[in-house]
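Down below is the structure, laid out as structure tokens.
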Amino acid sequence: QVHLVESGGGLVQAGGSLRLSCAASGRTFSTYVMGWFRQAPGKAREFVAAISRSGSSTYYTDSAKGRFTISRDNAKNTVFLQMGSLKPEDTAVYCCAAADRYWIPTSIRGWTSYDYWGQGTQVTVSS
């Protein structure tokens, strides 16, 4: 079992930046693939980014490429999502998730690949 808690959300003006954090409990954080998902009102849950156990591999949804950066600090049991050039369409609840699996590019985008989820943090981008 792993417990995930997100923080760092808030209200930001379009073009601004936010850094989300996800703190994980447990002593085996480095064994988990970590991902970020988001869900806006009336829309389906959307994959945003994922990072491999070592941090050597990352993957982003097209809308996040060039604007968002996922990273992790295994010594601190924390994964981050640095978001820049924010747009109103980025407004959503952002959740982090952990997968007790190997890095598989074809499946890492799917929510069913993840075993544990945080409660989410609200990100609101004003126009």
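We're numbering straight along the sequence, starting at 1.
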**Q.** Distance, nearest 0.5 Å, that separates NE2 of H3 from CD of Q119
**A.** 8.0 Å

Q) In Å and rounded to the nearest 0.5 Å, what is the OH to CD1 distance from Y102 to I108? A) 13.5 Å

Q. Under 4.0 Å between a Lys/Arg side-chain N and an Asp/Glu carboxylate O for K87 and D90?
A. no

Q: Mind checking side-chain contact (heavy atoms from CB on, under 4.5 Å) for S113 and listing every partner two or more places apart, or none if nothing turns up?
A: S107

Q) Cation-pi between R19 and F80: NZ/CZ under 6.0 Å from ring centre and within 45° of the ring axis? A) yes

(Q) Within the structure provided, determine whether V48 and L81 are in side-chain contact (heavy-atom separation under 4.5 Å). (A) yes

Q) Atom OG in S52, atom CE in M34: separation rounded to 0.5 Å? A) 12.0 Å

Q) Is there side-chain contact between V125 and Q13, with at least one heavy-atom pair below 4.5 Å? A) no

Q | Quiz item: cation-pi between R109 and W36, 6.0 Å / 45° | A | no

Q: Check whether any side-chain heavy atom of L4 lies under 4.5 Å from a side-chain heavy atom of Y32, and answer yes or no.
A: no

Q. Would you call M83 and Y94 a side-chain contact if the rule is heavy atoms closer than 4.5 Å?
A. yes

Q. If you round to the nearest 0.5 Å, how far is OG of S85 from CZ of R67?
A. 7.0 Å

Q | Side-chain heavy-atom pair Y114, F47 within 4.5 angstrom cut-off | A | yes

Q) Counting heavy atoms not belonging to W103, are there more than 12 under 6.0 Å from its CH2? A) yes

